[in-house]
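Quick note on labels: first sequence line is chain A, next is B, and so on, each numbered from 1.
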There are 2 protein chains.
Amino acid sequence: MDFKDLTTEQLEEAANMLKAIAHPMRIAILGYLEDGKKLTVTEIHELLKIEQSTTSHHLGILKDKGVLCSKREGKNTYYFLKHANLSNIVNCVSKCTMG
Amino acid sequence: MDFKDLTTEQLEEAANMLKAIAHPMRIAILGYLEDGKKLTVTEIHELLKIEQSTTSHHLGILKDKGVLCSKREGKNTYYFLKHANLSNIVNCVSKCTMG
DNA sequence: TAATATTTTGGTTAATTAGACAAATGCAAA
DNA sequence: TTTGCATTTGTCTAATTAACCAAAATATTA
């Protein structure tokens, strides 16, 4: 692939996705959503020990920018990765912080 | 790898790297630096048709957050990827904006 | 030394973002 | 319908970021 072929719109969409991911809490959230896992807002807020409404905000940002999808089932809303390979991004950048 | 094992510091470093990349111009810059390519500030500013000092600013951000390295040779400063696999990030997020 | 080319830094203003809280909405069971 | 749980939305202030321009710093050449 040749990135020089990306349009301005595609560059901005890509930037928006990365901007959505580029936050410690949101990276941690993605860490829990590998391999097609689906979690509710409450589960994530308990796992990460952050305010429930703050959790919802972060999930909303990730969904809005095309990183996550959500599906309501009864009282709960389950969140999960829109593209499986988005885990690679977190994977890759994490590797860089370790080596 | 288990992201739940990442420390707060590592999460923040990862977030800072992604934040540095998460900008249309900076994604475009990384697009030109695949495969170990090295380019000068002037070359990049001409390729992207943005102000020279703006280019330097963007490169400085990428270097400061550990995405790029630089090496001065004579009058010129060459910039290049610090980790080869950082191309994967741009690659991955670009794919998501195309399919 | 002086002049030129390349790059970095600093100052400014406008725009965006984070985090907290409160209020409102959606759903299910009694 | 009323109650309670889960989630979303709105509002606010503080902090961060972008882009431009001008000035300074670094290195080469005359």
How would you summarise protein contacts on nucleotides 8-16 of chain C per nucleotide, using B for base, S for sugar-phosphate only and - for none, with heavy-atom distances below 4.0 Å? BBB------
Going by side-chain hydrogen bond (donor to acceptor under 3.5 Å, both in side chains), name the residues that satisfy it together with A/Lys75, two or more places apart in sequence or in a different chain. none
Please tell me if B/Thr42 has a side-chain N or O lying less than 4.0 Å from either OP1 or OP2 of C/dT6. no
The criterion is side chain to side chain contact (heavy atoms under 4.5 Å, CB included); which residues satisfy it with A/Glu46, sequence neighbours excluded? A/Thr42
By side-chain hydrogen bond (donor to acceptor under 3.5 Å, both in side chains) - contacts of B/Lys63 (at least two apart): B/Ser70
Looking at residues at least two apart in the chain, or sitting in another chain, which of them share a salt bridge (charged side-chain N to carboxylate O under 4.0 Å, His left out) with A/Glu73? A/Lys71
Just to verify, what does A/Asn76 make a side chain to side chain contact (heavy atoms under 4.5 Å, CB included) with, not counting sequence neighbours? A/Thr40, A/Tyr78
With B/Ser56, which residues qualify under side chain to side chain contact (heavy atoms under 4.5 Å, CB included), at least two apart? B/Val41, B/Gln52
What is the distance from CG of A/Leu18 to C1' of C/dT17, rounded to the nearest Å? 16 Å
Within the structure shown, what part of the strands sits under 4.0 Å from B/His45 by heavy-atom distance: base, sugar-phosphate, or nothing? nothing
Residues in side chain to side chain contact (heavy atoms under 4.5 Å, CB included) with B/Ala15, at least two apart? A/Pro24, A/Ile27
Could you give the distance from NE2 (B/His83) to CG (B/Leu68), rounded to the nearest 0.5 Å? 10.5 Å
May I ask you to say what B/Ile61 touches in the nucleic acid, namely base, sugar-phosphate or nothing, with a heavy-atom cut-off under 4.0 Å? sugar-phosphate
From the 5' end of DNA chain D to its 3' end, which nucleotides mark the outer limits of contact with chain B, defined by a 4.0 Å heavy-atom distance cut-off (strictly under)? D/dT17 to D/dT28
Take atom OH of A/Tyr78 and atom P of C/dC27, then tell me their distance rounded to the nearest Å. 15 Å
Residue pairs involving residues 16-26 of chain B (criterion side-chain hydrogen bond (donor to acceptor under 3.5 Å, both in side chains); sequence neighbours excluded): B/Arg26-B/His58
Using five pairs at each end of the helix from C/dT1-D/dA30 to C/dA30-D/dT1 to define an axis, what is the angle between those two axes, to 10°? 20°
Separation of atom NE2 in B/His58 from atom C1' in C/dT7, rounded to whole Å: 15 Å
Tell me, please, which residues at least two apart from A/Thr54 pass side-chain hydrogen bond (donor to acceptor under 3.5 Å, both in side chains). none
Checking A/Ile89 against A/Leu18 for the side-chain contact (heavy atoms from CB on, under 4.5 Å) test, could you report, in this order, the C-alpha distance in whole Å, the side-chain angles of both residues, the deciding distance, and whether it holds? CA-CA 9 Å; A/Ile89 293 178; A/Leu18 285 180; 4.2 Å; yes
